[in-house]
Amino acid sequence: MLAFISFRSVSLPRFRAKSRLLAAAVVAFSTAPALAQDTPQALQPGTMAARVAACTACHGEQGRAGADGYYPRLAGKPQEYLYHQLLNFRDDRRQYRPMAHLLTGLPDAYLHEMAAYFSAQHVPYPPPVRAEVSAATLEAGRKLALSGDAARGLPACAACHGASLGGVLPAIPGLLGLPRDYVGSQIGSWKNGLRRAAAPDCMADIAHKLTPEDIGALAAWLSSQPVADTYAPEPAGALRLPAECGSQAQR
């Protein structure tokens, strides 16, 4: 069973190490003009790639994902989704101190620019890592993701995130290509109030109905699925959502 994981569980030494890394990236690229001749063109001062170097220090080159399972892929996600998450970190609806520190004081317009940059990055997904769980657990995750559980008032993940689970424009993210630990931690964060969205918070409502076993099964199945070359968000209006979601109206 996958236990709830929140960023508050990250050890203090690891938190400090990441904070130092982020601070070093910010300093390096804020003082980059003196190093311009030795800097690759993509990271020349003033370019968006240079400005988001503090992001890619954890989230990987072009936002393709970090290596440790806690820093998710940013590349290719819907721009409005990324923008809302930056707002949520800045305004304390999502709680992770390094992100809040980096975003404090940044205006909405600049957050839009950051979101647009990462949304426009299209890089290959790595092969999935099959979760070491039973076939029954994977099947339970598959059923919840694709069919839901009507008896408990649980819509399928696909009902909001699309039949291919690739997301829906403008602001619903895809669910594949994410590490198992990250998927489990984010559902757990909604369930225990560490992650919030604009009211009505439909994900929080769904998360409260999920058991720890459900969350473990979903995280295991979603993280085990391959990502097709055609994986992309569906067009806006392609789905009629089963619940009202404030983040969809806040545009």
Side-chain angles (χ1 to χ4, degrees), residues 1-7 9 64-78 81 124-169 171-195 197 201-234 238-245 247-248:
M1 180 177 71
L2 184 70
F4 291 165
I5 304 167
S6 78
F7 284 121
S9 68
R64 66 181 64 211
D68 61 5
Y70 283 95
Y71 299 93
R73 182 184 179 97
L74 306 178
K77 287 189 176 178
Y81 171 76
Y125 283 81
V129 177
R130 189 187 184 282
E132 295 299 323
V133 297
S134 69
T137 295
L138 287 175
E139 176 61 12
R142 186 194 70 81
K143 286 183 177 178
L144 285 170
L146 301 182
S147 302
D149 187 338
R152 291 190 288 157
L154 282 169
C157 300
C160 294
H161 293 269
S164 67
L165 300 172
V168 181
L169 295 175
I172 298 177
L175 298 181
L176 304 185
L178 293 168
R180 179 187 176 194
D181 285 349
Y182 180 78
V183 175
S185 73
Q186 296 312 298
I187 301 175
S189 291
W190 258 303
K191 189 175 181 71
N192 62 31
L194 289 178
R195 181 170 179 176
D201 191 343
C202 52
M203 267 304 305
D205 293 341
I206 291 169
H208 283 125
K209 296 176 183 178
L210 294 170
T211 66
E213 291 77 14
D214 293 333
I215 296 172
L218 274 171
W221 187 82
L222 289 169
S223 64
S224 297
Q225 302 311 299
V227 180
D229 292 340
T230 56
Y231 187 69
E234 296 186 25
L239 297 178
R240 182 171 181 175
L241 301 185
E244 185 179 358
C245 294
S247 58
Q248 291 300 293

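Closest non-hydrogen pair, Thr137 versus Ala217, comes out as O-CB, 3.4 Å. Shown here for Ala220 and Ala131, the closest heavy-atom pair between the two residues is CB-CB, 3.7 Å. Between Pro233 and Pro78, the shortest heavy-atom contact is CG-CG, 4.0 Å. Closest of all the heavy-atom pairs between Ser164 and Ala232 is OG-O, 4.5 Å. The two residues Leu176 and Pro226 have their closest heavy-atom pair at CD1-O, 3.9 Å. Smallest separation of non-hydrogen atoms from Ala207 and Lys191: O-NZ, 3.3 Å.
Residues Ile206 and Trp190 are not in side-chain contact: their nearest non-hydrogen atoms beyond the backbone lie 4.5 Å or more apart. The closest side-chain heavy-atom distance from Lys209 to Asp214 is not below 4.5 Å. Within the 4.5 Å cutoff, the side chain of Leu210 has heavy atoms near those of the Leu154 side chain. At least one side-chain heavy atom of Leu144 sits less than 4.5 Å from a side-chain heavy atom of Arg152. The shortest distance between side-chain heavy atoms of Arg73 and Val227 does not fall below 4.5 Å. Between Trp221 and Val183, every side-chain heavy-atom pair lies at or beyond the 4.5 Å cut-off. Put simply, the side chain of His161 reaches to within 4.5 Å of the side chain of Pro173, judged on heavy atoms.
Atom CG of Leu165 is separated from atom CD of Glu234 by 9.5 Å, given to the nearest 0.5 angstrom. Considering CG of Leu138 and CG of Leu222, their distance stands at 10.5 Å, rounded to 0.5 Å. Note that OH of Tyr81 and CG of Leu169 are 14.0 Å apart. Values are rounded to the nearest 0.5 Å. One distance of note links OG of Ser224 with CD of Glu132; it measures 9.0 Å at 0.5 Å rounding. Note that the CE atom of Met203 and the CD1 atom of Ile187 stand 5.5 Å from one another [nearest 0.5 Å].
In this structure a side-chain-to-backbone donor-acceptor pair under 3.5 Å is missing from Ser189 to Leu194. Formation of a donor-acceptor pair under 3.5 Å by the Gln225 side chain with backbone atoms of Leu175 is not found in this model. Side chain of Tyr231 to main chain of Gly177: no donor-acceptor pair is present (N/O by atom type, distance under 3.5 Å, no hydrogens or angles).
As summarised for Cys202 and Cys245, their two SG atoms come within a distance smaller than 2.5 angstrom, satisfying the threshold.
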